[in-house]
Amino acid sequence: MSLASDFYLCSYVGHKGKFGHGFLEFKFQPNGKLRYANNSNCKNDVMIRKEAHVHKSVMGGPKKITDDREITKDDALWPPPDRGGQRELEIVTGDEHISFTTSKTGSLIDVNQPKDPEGLRVFYYLVRDLKC
């Protein structure tokens, strides 16, 4: 099975406030398509959407990062999304499908607060390394 045919990753971070829905999202799709969307709602900016096809070696980067982190823990003990926003990460690789949702974390101080700081710390570093 090639990397391009068995790997999907979707990362989302955003919030809804008085200026609307601001978010940053990107997806690596199994067919090699990379999709990016950014809606800042700052000073009447328009949503930025970009799409490109990437080589399977590019797909290998995020796949290696997610494999190396061994992120398979449950997010039940993590802080739920709140008024400050939310962060979501969905990964499909082979037969494994994992999905996480938590509040928007701004720093390691936020990560050390929940009942599962180690699991959230792994998640925090993963999304940081993915730059999402």
Side-chain angles (χ1 to χ4, degrees):
M1 206 181 290
S2 72
L3 289 176
S5 67
D6 75 338
F7 182 73
Y8 169 85
L9 182 140
C10 178
S11 174
Y12 165 92
V13 61
H15 66 280
K16 294 179 182 175
K18 68 180 185 176
F19 297 111
H21 182 198
F23 67 92
L24 174 65
E25 178 181 67
F26 71 87
K27 295 178 183 182
F28 285 96
Q29 298 177 330
N31 64 359
K33 187 182 287 186
L34 170 62
R35 300 182 78 184
Y36 168 87
N38 186 341
N39 189 24
S40 70
N41 284 326
C42 183
K43 298 182 181 178
N44 297 322
D45 280 349
V46 295
M47 185 183 317
I48 300 167
R49 291 182 188 265
K50 300 291 179 180
E51 210 172 88
H53 278 83
V54 297
H55 190 269
K56 66 182 177 182
S57 62
V58 173
M59 295 286 284
K63 184 173 186 333
K64 180 171 178 11
I65 291 170
T66 57
D67 289 348
D68 289 351
R69 293 287 183 209
E70 298 177 1
I71 184 162
T72 57
K73 297 197 179 229
D74 186 5
D75 63 356
L77 298 177
W78 297 359
D82 56 21
R83 293 184 61 184
Q86 69 185 41
R87 182 176 294 275
E88 299 173 10
L89 181 66
E90 180 180 15
I91 302 167
V92 178
T93 181
D95 293 336
E96 187 175 16
H97 181 193
I98 55 176
S99 181
F100 300 98
T101 302
T102 188
S103 61
K104 194 164 106 176
T105 51
S107 70
L108 279 174
I109 292 171
D110 299 332
V111 170
N112 290 324
Q113 300 300 321
K115 297 175 184 173
D116 177 22
E118 182 56 31
L120 192 55
R121 193 174 301 112
V122 169
F123 176 77
Y124 176 85
Y125 283 120
L126 172 65
V127 294
R128 184 201 65 189
D129 289 351
L130 290 169
K131 304 291 188 249
C132 49

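Note that the structure is a prediction, hence the values are computed from the model and not measured.
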For this session: Take Glu90 and Lys27 through the side chain to side chain contact (heavy atoms under 4.5 Å, CB included) test and state the conclusion after the steps.
Result: CA-CA 9 Å; Glu90 180 180 15; Lys27 295 178 183 182; over 6 Å; no
Looking only at heavy atoms, the pair that brings Phe23 and Ala37 closest together is CE1-CB, 3.9 Å
Nearest heavy-atom contact between Gly32 and Met59 is CA-SD, 4.4 Å
dist Lys64:NZ -> Phe7:CZ (nearest 0.5 Å) comes out at 12.5 Å
message: Evaluate Met47 against Asn38 for side chain to side chain contact (heavy atoms under 4.5 Å, CB included), listing each step before the verdict.
response: CA-CA 6 Å; Met47 185 183 317; Asn38 186 341; over 6 Å; no
Output for pair (Thr66 OG1, Phe28 CZ), nearest 0.5 Å, gives 10.5 Å
For Thr101 and Pro81 the tightest heavy-atom approach is CG2-CG, 3.4 Å
Output for pair (Arg35 CZ, Cys10 SG), nearest 0.5 Å, gives 10.0 Å
The reported gap from OG in Ser99 to CD in Glu88 (rounded to nearest 0.5 angstrom) is 7.0 Å
Closest heavy-atom pair, His21 versus Asn39, reported as atoms and distance to 0.1 Å, is O-ND2, 2.8 Å
> Do you reckon Trp78 sits in the same ILVMFWY cluster as Ile98, going by side-chain contacts under 4.5 Å, direct or chained?
Replying inline: yes
NZ/Lys33: more than 12 non-hydrogen atoms of other groups inside 6.0 Å
yes
Query raised in the report: For Pro79, does its backbone N or O pair with a side-chain atom of Thr102 as donor and acceptor, under 3.5 Å?
Result: yes
Would a single hydrophobic cluster contain both Val58 and Leu34, if residues Ile, Leu, Val, Met, Phe, Trp and Tyr are joined by side-chain heavy-atom contacts under 4.5 Å?
yes
Smallest heavy-atom separation, Tyr8 atom then Gln29 atom, equals CD1-CA, 4.0 Å
- Check the hydrophobic clustering (I, L, V, M, F, W, Y; side-chain heavy atoms under 4.5 Å; chains of links allowed) and say if Ile91 and Val54 are grouped together. yes
Smallest heavy-atom separation, Gly84 atom then His15 atom, equals O-CB, 3.7 Å
Please determine whether side chain to side chain contact (heavy atoms under 4.5 Å, CB included) holds for the pair Lys63 and Asp6, giving the CA-CA distance in whole Å, both sets of side-chain angles, and the decisive distance to 0.1 Å.
CA-CA 10 Å; Lys63 184 173 186 333; Asp6 75 338; 4.0 Å; yes
Between the CD atom in Glu25 and the OH atom in Tyr12, the distance rounded to the nearest 0.5 Å is 8.0 Å
